[in-house]
There are 2 protein chains.
Amino acid sequence: MRESTALDRMICFQLYAASRAMTALYRPHLDPHGLTYPQYLVMRVLWHDGPTTIRDLGRALRLDSGTLSPLLKRLETQGHLRRQRGTHDERTVWIHPTETGTRLQTDIGDLSHALACATGLTTDELTQLHTLLHRARGTADTPREGQP
Amino acid sequence: MRESTALDRMICFQLYAASRAMTALYRPHLDPHGLTYPQYLVMRVLWHDGPTTIRDLGRALRLDSGTLSPLLKRLETQGHLRRQRGTHDERTVWIHPTETGTRLQTDIGDLSHALACATGLTTDELTQLHTLLHRARGTADTPREGQP
DNA sequence: CCCAATCTAGTTGTGCACAACTGATCGGTG
DNA sequence: CACCGATCAGTTGTGCACAACTAGATTGGG
């Protein structure tokens, strides 16, 4: 690497830069399908969990309704999902993947493996990195929600 | 942690979430000074390197002029820096920290130590995390600039 | 010298993030 | 039942990120 500033020593800057660099690696794979990276994350949750409430999407992605509402509206416009007000509890809104949205999963295929390789880290190092990030986040994450 | 979705396994999502969580930890320390996190990063470069061109700021932070131009305009409005067109090469613009901007360094103090502790990781783990991020970024980062 | 590529900063447009707020709905308690 | 606090989705406003583009300055080759 080539920087020489104080930024090099900041763990937080490394996170910030690494996160943007990784997202940039996803972009060329997602662009052809008209998806952004956060939209892809939403679709992944839908593929994995099926119909989900906006509340649970927010908890999984750690995003609030201010971010999710317009994002989901765009995905709905593209035909990838359908929103439906809950019948039992009318405050919640259920997000259903459409057939088009479901087909995206096979169309896009498995990116995580290809992109993990793109980092140049070994499997062990990736596991290590994953564990460290997860643990760091566990402590740092509390502000947004505390499980009762 | 509490998630149960496929996101848990994505190294990229862990980066994305950890980065936002860390930034959120900085926010309460920066808000009182009217700084955002990216603005703070710019000021750190200025504190460390003194007057810098926008080009070099972009290289250090890995941000383009589309992001930096308005950001620097806001910092200039706040009186933290001054921009000056280069005399030798009139394409470049030099960014000079003002006295107000320099005073911010002592006013804000050393955040990185306090916030590294907030992650709950040990010193060794932080070093490990730092190294892994730096290495992952080294490979992933190429798109934006290739050193000749 | 001249012109074509390159470099630099800035602008425009789109899409996140997030704070602060609104309005509707729900759940429990008196 | 009526009220009150909590919950949920949505809106508004600000500030990044980044692609695509513009305009001006510079550099190198012929």
Side-chain angles (χ1 to χ4, degrees), chain A residues 13 16-28 30-31 34-42 52-59 61-78 83-95 141 143-146 148, chain B residues 13 16-28 30-31 34-42 52-59 61-78 83-95 141 143-146 148:
Chain A
F13 173 71
Y16 164 78
S19 172
R20 286 191 296 128
M22 279 293 275
T23 305
L25 289 179
Y26 275 79
R27 221 184 312 281
L30 299 178
D31 261 359
L35 286 186
T36 66
Y37 178 69
Q39 288 168 6
Y40 171 67
L41 292 180
V42 165
T52 314
T53 65
I54 297 187
R55 182 189 70 247
D56 289 340
L57 278 173
R59 292 216 226 277
L61 300 168
R62 314 208 68 76
L63 293 169
D64 64 6
S65 66
T67 301
L68 284 175
S69 279
L71 188 156
L72 292 171
K73 198 177 291 178
R74 283 185 283 270
L75 282 175
E76 188 178 30
T77 305
Q78 294 191 39
R83 55 174 68 210
Q84 184 180 17
R85 188 62 70 168
T87 51
H88 174 64
D89 183 344
E90 291 190 22
R91 288 171 304 181
T92 69
V93 169
W94 286 85
I95 303 299
D141 236 8
R144 191 167 288 272
E145 185 217 2
Chain B
F13 173 71
Y16 163 77
S19 172
R20 287 190 296 126
M22 279 293 275
T23 304
L25 289 180
Y26 274 81
R27 222 184 311 280
L30 299 177
D31 262 358
L35 286 185
T36 66
Y37 179 68
Q39 289 169 4
Y40 171 67
L41 292 180
V42 165
T52 314
T53 65
I54 296 186
R55 183 190 69 246
D56 289 340
L57 278 173
R59 292 216 224 279
L61 300 168
R62 313 208 69 76
L63 292 170
D64 65 5
S65 66
T67 302
L68 283 176
S69 280
L71 188 156
L72 292 169
K73 197 177 292 180
R74 284 184 283 270
L75 282 175
E76 188 179 31
T77 304
Q78 294 191 38
R83 56 175 68 208
Q84 185 180 16
R85 188 63 67 168
T87 51
H88 175 64
D89 183 342
E90 291 191 22
R91 287 173 303 183
T92 68
V93 169
W94 286 84
I95 302 299
D141 236 6
R144 191 165 290 271
E145 182 217 3

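All values below were derived from every heavy atom in this structure, side-chain atoms included, with hydrogens, water molecules and symmetry-related copies excluded. Residue numbers start from 1 in every chain, and the chains themselves are labelled A, B, ... in the order their sequence lines are given, proteins ahead of strands.
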Tell me which nucleotide among [options] gets nearest to the side chain of [X].
{"X": "A:S69", "options": "C:dA17, D:dG10, C:dA24", "value": "D:dG10"}
{"X": "A:I54", "options": "D:dA9, C:dA17, D:dA19", "value": "D:dA9"}
{"X": "B:R59", "options": "C:dT8, C:dC26, C:dC18", "value": "C:dT8"}
{"X": "B:L63", "options": "C:dT8, D:dC16, D:dA17", "value": "D:dA17"}
{"X": "A:T92", "options": "D:dA9, D:dT26, C:dC16", "value": "D:dA9"}

Exercise. When the nearest nucleotide of DNA chain C is assigned to A:H88 and to B:Y16 on a heavy-atom basis, which residue is associated with the more 5' position?
Worked result: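 Nearest nucleotide further toward 5': that of B:Y16.
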
Problem set entry | Residue mapping more 5' on DNA chain C - nearest nucleotide basis, A:E90 or A:G66 |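 Looking at DNA chain C, the more 5' nearest nucleotide goes with A:G66.
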
Short side-chain N/O contact from [X] to OP1 or OP2 of [N], under 4.0 Å:
{"X": "B:Q39", "N": "D:dC16", "answer": "yes"}
{"X": "B:K73", "N": "D:dC16", "answer": "no"}
{"X": "B:R83", "N": "C:dA9", "answer": "no"}
{"X": "B:R55", "N": "C:dT8", "answer": "yes"}
{"X": "A:R20", "N": "D:dC18", "answer": "yes"}
{"X": "B:Y37", "N": "D:dG15", "answer": "no"}

Problem set entry | Min side-chain heavy-atom separation B:I95-B:V42 under 4.5 Å |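 B:I95 does not reach B:V42 side chain to side chain.
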
Exercise. With a 4.5 Å heavy-atom cut-off, do A:L57 and A:L63 have their side chains touching?
Worked result: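 No, side chains not in contact.
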
Exercise. Start at the 5' end of DNA chain D and walk down; is the nucleotide closest to A:T53 or to A:R27 reached first?
Worked result: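 It is A:T53, whose closest nucleotide lies nearer the 5' terminus.
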
Exercise. Hey, which of these two, B:R74 or A:D56, hits DNA chain D nearer its 5' end, going by closest nucleotide?
Worked result: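 It is A:D56, whose closest nucleotide lies nearer the 5' terminus.
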
Exercise. Base, sugar-phosphate alone, or nothing: which one does A:L71 contact when heavy atoms must sit under 4.0 Å apart?
Worked result: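 Contact class for A:L71: sugar-phosphate only.
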
For this session: May I ask you to say what B:T36 touches in the nucleic acid, namely base, sugar-phosphate or nothing, with a heavy-atom cut-off under 4.0 Å?
Result: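 Answer is sugar-phosphate: B:T36 comes under 4.0 Å of backbone atoms only.
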
Exercise. Taking the inter-plane angle between the rings of B:Y26 and B:Y40 on a 0 to 90° scale, is it parallel (under 30°), tilted (30 to 60°) or perpendicular (over 60°)?
Worked result: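 Taking B:Y40 first and then B:Y26, their aromatic rings sit tilted (interplane angle of 30° to 60°).
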
